[in-house]
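Reviewing the structure listed below.
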Amino acid sequence: MSSPSLPTRFEPSALEARWQAEWERLAAFRAPTPPHAPIFSFVLPPPNVTGVLTLGHVLGGTVQDVLARHHRMRGEATLWLPGLDHAGLATQVEVRRRLAKQGVRLEELPREAALAEVERWKEEHERRIREQTRAAGFSVDWTRYRYTMDPASVRATRLAFVTLYRDGLIYRGERMVNWDPRLRTAISDLEVQHTEEEATLYTVRYAWADGTLGGIEVATVRPETIFGDVAVAVHPDDARYRDAVGRYVIVPLSHRRVPVVVDPAVDPTFGAGALKITPRHDPVDREIAERHPDLATPVEIFDDSARLTGEWVPAAYRGLDRDAARRRAVEELERERLIVRQESYRHAVGRSERSNAVVEPRLSTQWFVRMAPLAAPVVAAVRAEEIRIHPDRWTLTFFRWMEGIQDWCISRQVFWGHRIPVAHCRACGKPTVTVDAPTKCEHCGSTDLEPDPDVLDTWFSSWLWPFSALGWPEKTADLAQYYPTTVLVTAREIMFFWVARMMMAGYRFTGSRPFSDVVLTGLLLDPQGRKMSKHLGNSPEPLDLIRERGADALRLALIFPNPTTEDGPFRPTSLEGARNFLTKLWNLVRFSVAHVPPGTPPIAAPPALGGGSALENRWILSRFRHAVEEVDAALAAFEPTRAVSVLHNFVWHDLADRYVEISKEALGGRRGDPAQRESRATLVFVVERTLRLLHPFVPHVTEELWHALPHAGELLATAAWPAGSEAPADPVAEVEMELVLEAIRLLRNLRADEGVAPAATPPAWIRPAGPEVARVLEEQAGTIARLARVEPLALLAADAPAPSGAASRIAPVGECYVERPAAATGRSEALAREREKLSGLLEKTRARLSDPGFRARAPPELVREAEEKALDLAERIRRIDEHMKPGGSEPANA
RNA sequence: GGGCCGGUGGUCUAGCGGUGAGGACGCCGCGCUUACAACGCGGAGAUCGGCGGUUCGAAUCCGUCCCGGCCCA
């Protein structure tokens, strides 16, 4: 495909779809098998089927696509493996919500029908997610697409469970877990969100059991848990209760007798220093109760929906939910005058991430993974920098979490997910844990088996992803060749949920790191700095933005100008900026195409430049070389934002504003044929190579533009990444060009200050600062005159008198003069302003020099620099004074 | 309660021991100079959160306080 001439306007939508189709047709992103070294491989964090892709996904995807395309162009065997996560509980909640809108309760459907509903949901969302991924231009290898519930993943997940179980790292036991009473399942610690909330702290009096007056005052925010009390505890050193210990009190409302005990875990400063002990419904209480074995065995007072239940709960309260029970309990306690005090109280409340229900600590039998043994090798690996986290400051947070890691509750009382690969024997009661469903008990041989009713936490399949998606436990070619993977790019939010656990699983199951670099992306905020959320409706739909502005513009806007590593606002202005840049690029290439004669062969190398070569050509090639080096460095450090800003600056300012403007003369043939040929070759080389550099960021438009230029190969997507070494570094040209640009800037300043008409070309003069500068300015006088729009431009000898009737500016390059228009009146203020600035600087520099400590301790080179600077500043001020003096070059306009 | 990160022109940000503190957006002035008004040229605007310290020298290091955000309990 080729587009010989480019349309005047850049219209992204048609062009993007066309190239997406073409990339797929040519299998451009198919990872090679068998691959050749080196390898660059990674998994796309499989999006949850819960919804569709958000802007945050597009941000992460863009960072990944930049890396994938960059490495692919560098000739590495690149695999970017896409997939989808079944997102167990989260998806079930969504499906349940959708059904509820139709008046159907998910729980009331037969299991098969419920599964069918989830399956329908998955199909719809999967289609949409794939469409979005394509529309964004992500170069994933669709032939390797995987799903966390596909048969291979099911097998991998079951095997992981069985292996850990056999190794003693998975156990089943009765533990205090976080219970979500709305979804009626256990959840893990990570799925609990703690927030500060306002509550009422009730101080309740527990009367002495022996009928003595008074009693003990207990503070609680949850009076409805009184029914579960087995004791009241005080701190052993608390003098107030010395006589109370060993006595009994009556639990209000339920009228049971419980003892007063001592325990060091009681905080004597909280309330009145006495704590009611409800071991089945509070982790601290449970610990205390365990230290006091003589206490009554606690009875559960909440059912799985957090409604009151059980023999300890009076009939009037049974069946009430915890909030209703609390209201009723408060009412009754008040009636009995047992509430001593009520005060408002802020405390942390744990809510379920999925249902937002207040989590109920609940003693329940669940499956757990022992985490400490899994975490140890990971901590060691990160310490040894076998795995690096970017930006590295997150390593600290990572360590803190890993070191305090708790066992992971992996069983969920829902239906959507991987079934726990365990069958319980009805005969001997023991579990049979096998990858394939067992036919008989492995302990007693009975065939009377009952499958474990629970499913696994969704992360229990995700943590295997880097290897399970490559085929593990089968010894597939992909696994052998592409594992360990290279990087993992993901949102910081799931560092603990996913990244840390993948590392643990990697070392445990494959004996090696799953990836060597973790690249964390920040959160996208709305223009007001708020988190994007469905609830606020401030989260734009990526496909809409792509339709409006194009995928390239969206991708660019997501990584520039705000850094991908930080939480930052996504603004419409970023999108406009991106579009403007792409338009600039489009027009730059249109200009270049117009200067490339038809039939020009593909550009293999920059033109060989010699002594007679144009300064601008030497300069732009040197600038290009820097750009390549900086982009390479930025990408190696996983900083796409830095890479883009280098390119943005290079394309817009160096290439378009300066190089193109300067070379128009040579390109137009006005400097002769050899000069025109050299400039054409330089232009097309730099532009073509720049398109390659930009391709990872904005793949569609660069692919389109590349085909409009002479090129070799089918696709830019698979073309070679430029090497900086292709272009010679030329520090001399860079210094000389700076002088030229400074002279142009000064003359333009003068024009603007003096109100020279835009179309006018007044005479101008420059007195160069020295013979070297004079040589450069002499050679480039034509360029300077043209870009500054002055005519004629004369160079003054050091001792020549200042031209009269001209405005002047003084700078390191020398003194510049532009004839003042006849209409101009008054003295230019620019010189005076300049003088003020310079004398301020001079003062500062002199102060530094007169400090004896500076001369004594600063590096001599620095002292010398400061001395030279002071001299130079003084000289420039002297000259300004000369110019401002009446009768000088700046006559007071009488 | 513990920890982490940040506070730089109006906004977003780069710099993280010696630079005349960069850039982008916005703002002001002038211009449709045939690649580009989705643009060009020029300009104004910051005592780098406050206070103390280390240093010849601090936006940059240390302490402390204030403000914002995040994570964990």
Side-chain angles (χ1 to χ4, degrees), chain A residues 6 8-10 189-190 192-194 196 267 283 347-348 350 391 393-401 403-406 492-493 495-496 522-523 525 527 529 531 549 553 560-563 565-595 641-642 645-646 648-649 652-653 656-657 660-661 664 667 687 744-745 747-753 755-759 761 786-789 812 830 833 837-838 840-842 844-845 847-859 861-863 865-866 869 873:
Chain A
L6 292 166
T8 319
R9 276 178 68 91
F10 163 49
D189 297 340
L190 281 177
V192 180
Q193 304 277 317
H194 294 271
E196 284 274 301
D267 174 7
H347 70 144
R393 62 188 140 89
W394 294 103
T395 314
L396 220 64
T397 311
F398 179 80
F399 281 138
R400 266 186 56 81
W401 186 74
E403 281 154 10
I405 199 161
Q406 301 291 307
R492 207 166 52 231
E493 294 175 282
M495 179 158 75
F496 301 136
L523 217 58
L525 308 175
K531 216 167 150 166
R549 290 279 156 95
F560 179 84
N562 285 335
T565 48
E566 307 304 319
D567 296 354
F570 178 78
R571 297 193 156 85
T573 55
S574 319
L575 210 47
E576 266 163 46
R579 184 210 38 184
N580 293 355
F581 176 71
L582 296 180
T583 305
K584 190 76 190 175
L585 182 69
W586 183 267
N587 284 308
L588 173 69
V589 177
R590 279 210 307 136
F591 174 83
S592 308
V593 168
H595 285 89
T641 302
R642 207 173 93 211
S645 54
V646 166
H648 188 267
N649 195 50
W652 206 312
H653 299 116
D657 290 347
V660 163
E661 289 310 319
K664 275 177 179 170
L667 290 169
V687 169
I744 293 168
R745 203 156 37 230
L747 294 171
R748 282 174 172 171
N749 275 342
L750 277 169
R751 294 179 60 107
D753 285 350
V756 173
T761 50
R786 187 161 52 84
L787 296 209
R789 297 181 68 78
R833 241 187 296 132
K837 193 172 136 194
L838 292 183
L841 267 172
L842 180 60
K844 249 168 77 178
T845 312
R848 197 142 58 119
L849 282 167
S850 63
D851 179 346
F854 178 67
R855 285 188 180 278
R857 297 188 206 214
E861 187 161 316
L862 226 70
V863 177
E865 260 173 44
K869 191 163 137 189
L873 287 167

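Sequence lines set the chain letters: A, B, ... in the order given, protein chains first and strands last, and positions in each chain run from 1.
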How long is the line joining [atom1] of [X] and [atom2] of [N], in whole Å?
X      : N     : atom1 : atom2 : value
A:H648 : B:C12 : NE2   : C1'   : 14 Å
A:R492 : B:C4  : CZ    : P     : 16 Å
A:M495 : B:C4  : CE    : P     : 14 Å
A:L750 : B:G42 : CG    : C1'   : 12 Å
A:L190 : B:C71 : CG    : P     : 12 Å
A:D851 : B:G57 : CG    : P     : 7 Å
A:R579 : B:C25 : CZ    : P     : 12 Å
A:I405 : B:G3  : CD1   : P     : 21 Å

For A:H653 and A:H648, take the angle between the two ring planes, folded into 0 to 90°, and tell me which bin it lands in: parallel under 30, tilted 30 to 60, perpendicular over 60.
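Plane angle over 60°, so perpendicular.
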
Nearest to the side chain of [X], heavy atoms from C-beta on, is which of [options]?
X      : options             : answer
A:F496 : B:G18, B:C4, B:C72  : B:C72
A:A752 : B:C12, B:A14, B:G42 : B:G42
A:N580 : B:A35, B:C72, B:A38 : B:A38
A:L588 : B:A35, B:G42, B:G2  : B:A35
A:E661 : B:C39, B:C36, B:C12 : B:C36
A:R748 : B:C41, B:A38, B:A35 : B:C41
A:T397 : B:A35, B:C4, B:C12  : B:C4
A:A348 : B:A73, B:U11, B:A24 : B:A73
A:R571 : B:C36, B:C4, B:U11  : B:U11
A:D657 : B:G40, B:C25, B:A35 : B:G40

Heavy-atom neighbours of A:Q406 CD exceed 12 at 6.0 Å
no

Could you measure the distance from the CG atom of A:N587 to the CZ atom of A:R9? Nearest 0.5 Å is fine.
10.0 Å

Please state the [atom1] separation for the pair [N] and [M] - nearest whole angstrom.
N     : M     : atom1 : answer
B:C41 : B:U33 : C1'   : 11 Å
B:G43 : B:C4  : P     : 45 Å
B:G18 : B:G2  : P     : 35 Å
B:G57 : B:C70 : P     : 40 Å
B:U47 : B:C67 : P     : 22 Å
B:A37 : B:G49 : C1'   : 40 Å
B:U60 : B:G15 : C1'   : 9 Å

If I compare all heavy atoms of A:F854 with all of A:A866, which pair ends up nearest, and what's the gap?
CE2-CB, 4.3 Å

In the strands shown, is [N] matched to any nucleotide by a Watson-Crick or G-U wobble pair with both distances under 3.5 Å, and which?
N     : answer
B:G40 : B:C30
B:A24 : B:U11
B:C70 : B:G3
B:G63 : B:C51

Should [X] and [Y] count as side-chain neighbours, where that means a heavy-atom distance under 4.5 Å?
X      : Y      : result
A:E861 : A:E865 : yes
A:W394 : A:T565 : no
A:K584 : A:D657 : yes

Would you please confirm or rule out a distance under 4.0 Å between OP1 or OP2 of [N] and any side-chain N or O of [X]?
X      : N     : result
A:K664 : B:U34 : no
A:R857 : B:C56 : yes
A:N749 : B:G43 : yes
A:K584 : B:G40 : yes
A:W401 : B:C4  : no

State the syn/anti category of B:U19 according to its glycosidic angle, syn meaning within 90° of 0.
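Syn conformation here, the glycosidic angle of B:U19 being no more than 90° from 0.
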
When we call it a touch if two heavy atoms are under 4.0 Å apart, what does A:H653 touch: a base, just sugar-phosphate, or nothing?
sugar-phosphate

Describe the nucleic acid contact of A:A656 in one word from base, sugar-phosphate, nothing, applying a heavy-atom distance below 4.0 Å.
base

Does A:R751 reach the main-chain N or O of A:A788 with its side chain, forming a donor-acceptor pair under 3.5 Å?
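Present.
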
